[in-house]
Amino acid sequence: MLKEITPKSQDYSQWYVDVIKKADMVDYAPIKGFMVIKPYGYRIWEFIQDAMNREFRATGHENAYFPLLIPENLLLREAEHVEGFSPEVAWVTIGGGEPLAERLAVRPTSETIIGSMYSKWIQSYRDLPVLMNQWSNVVRWEKATRPFLRTTEFLWQEGHTVHRTAEEAEQETMQQLEIYRKVIEDELAIPVVPGRKSAGERFAGAVETYTLEALMGDGRALQIATSHFLGQNFAKAFDIQYLDEDGVRKYGWTTSWGASTRMIGGLIMVHGDDKGLRMPPRVAPIQVVIVPIAKNKDAEAVSAYVKNIADELGREFRVRVDDRPEFTPGYKYNDWEMRGVPIRLEVGLRDMANQSVMLARRDTGEKTPVPAAGIAETVRQRLDDIQHTLFQQALEHQKSHTVVVENYRQAEEYGYRGFFEGDWCGRGGCADQLKEATGMTIRCLPLDRQPLGTGCVVCGQPSTERMLFARAY
RNA sequence: CGGGGCGUAGCGCAGCUUGGUAGCGCACUUGCUUUGGGAGCAAGGGGUCGGGGGUUCGAAUCCCUCCGCCCCGACCA
């Protein structure tokens, strides 16, 4: 085990790696680019799943599961889609010891195989809309990988829907984007900027891609969820047709939307500090840890006092009593701080005598004695406050690192760290030049902004778009 | 794919220049003492030195070769 966590300011990448190791979230697998998600990390994923499943069901979606392997001919159906994904597809060519007649792709995403099934299932306008989601793993052969942020295999959910009209499909696309915003801001306490992707950054095969962009602690952007309006591109490629009320056969309009374990990487980078993780209470595997402090002769008395408190809190919160005899209290404080547990209660003889406990907040580091009576209410308030404080701190960071510019060169004085906002003429050439010169890419065209009319930040020509650009993960 | 670095105990490393019984710290096991911010003492266990080949009486160390990992670039939902 590492003894210390590298300070963020010294080396942000090393800090990130140290934190995920110290927090016991992941381990590197024996295959390059793959990782094992350990129970403490996986539990966070389960909370995200719970929150999303609630929202998906409330909007009429059902979970289903489609195959891991996709026959090559299906993957080839949609031209842009193949072109976008083929460089990173892993292929299965042998099964049961025999070479396969047709090689099988390990899914990089499931539009193709789901589209082929939808075409069988849909006959009439009465079969629409089809609203499904699947929780799965996907594989994209990446050259540079980092735990959670970009791994060869990752876990995600992918929603796939078919609609009767373009309007309904567009509405679905926006509705799902809003669900992501809600879960990511309310549960993970990560503020995001919703926007539309520029043509160059669009999902392969989509008509429009919408995104949520978050700003990390080091000033780089992270695309944290996307929702795609696919038009009739996939409906045509997979022959998804229905007979409409007017007796005419028509192509359906499809959408897809996804969010992955990358969100956990965002969670770490947005909230973590030099002591380790800081977990937002709503997705914290352990919300309250209680550390009893007692010499041998007092152990029994303290333990009884702690048990009462733990029982009361355990009815409402996720509580852990750390009574491991082999570690000192100081060790335990550090240990749980690395794991980001929002509230720590230190309980010894002094507290017992005062009928109180010492409450330490992970977000602020503040330590205050609080009465044992009404402890559940106190903890409830503090957890709410921590959830709120983490979001506010992240929002402050985002706001203070968002700069409006009239020319992209102004970003240089900020070291290209942060979100930069400016006008864009809409031409891909300017986007390319921006990237070439600065390493920054267009993160999105924010939904609620209009061009200021100051001219494209790259070429100065009349602008049609307002864009958010940054260096990204 | 280009440039650089590294593979020695679970983790982090020394040893290699100049070949001669494989070491240190942490972790682990046992016992005793400890416990309000990373406890102490004592006794233990743990290694095909990344793989293969060569030189040599003898290779972690020298030579050849293969493999893997990390960082920087390029590429990228």
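We name chains A, B, ... by the order of the sequence lines, and we start the count at 1 in each one.
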Pick base, sugar-phosphate or nothing for [X], based on heavy-atom distances below 4.0 Å to the nucleic acid.
X	result
A:F203	nothing
A:E88	sugar-phosphate
A:K367	base
A:R344	base
A:T109	nothing
A:Y28	nothing
A:E326	nothing

Roughly how far apart, to the nearest Å, are [N] and [M] at atom [atom1]?
N	M	atom1	result
B:C24	B:G45	P	13 Å
B:U18	B:U61	P	14 Å
B:A14	B:G7	C1'	15 Å
B:U21	B:C16	P	13 Å

Side chain of A:E337, base of B:G38: donor and acceptor closer than 3.5 Å?
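In this structure, the two groups form no donor-acceptor pair.
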
d([atom1], [X]; [atom2], [N]) in whole Å:
X	N	atom1	atom2	result
A:R150	B:C71	CZ	P	14 Å
A:D432	B:C76	CG	P	10 Å
A:R146	B:C76	CZ	P	19 Å

Can you tell which of [options] lies closest to the side chain of [X]?
X	options	result
A:K143	B:U35, B:G38, B:A74	B:A74
A:K295	B:A74, B:U35, B:G37	B:U35
A:R350	B:G37, B:A39, B:G36	B:G36
A:N334	B:C76, B:G38, B:G36	B:G38

Side-chain contact, heavy-atom cut-off 4.5 Å: [X] with [Y]?
X	Y	value
A:E153	A:V106	no
A:F234	A:Y118	no
A:R361	A:I386	yes

Look at the aromatic rings of A:H81 and A:F85 and report parallel, tilted or perpendicular, splitting at 30° and 60°.
tilted

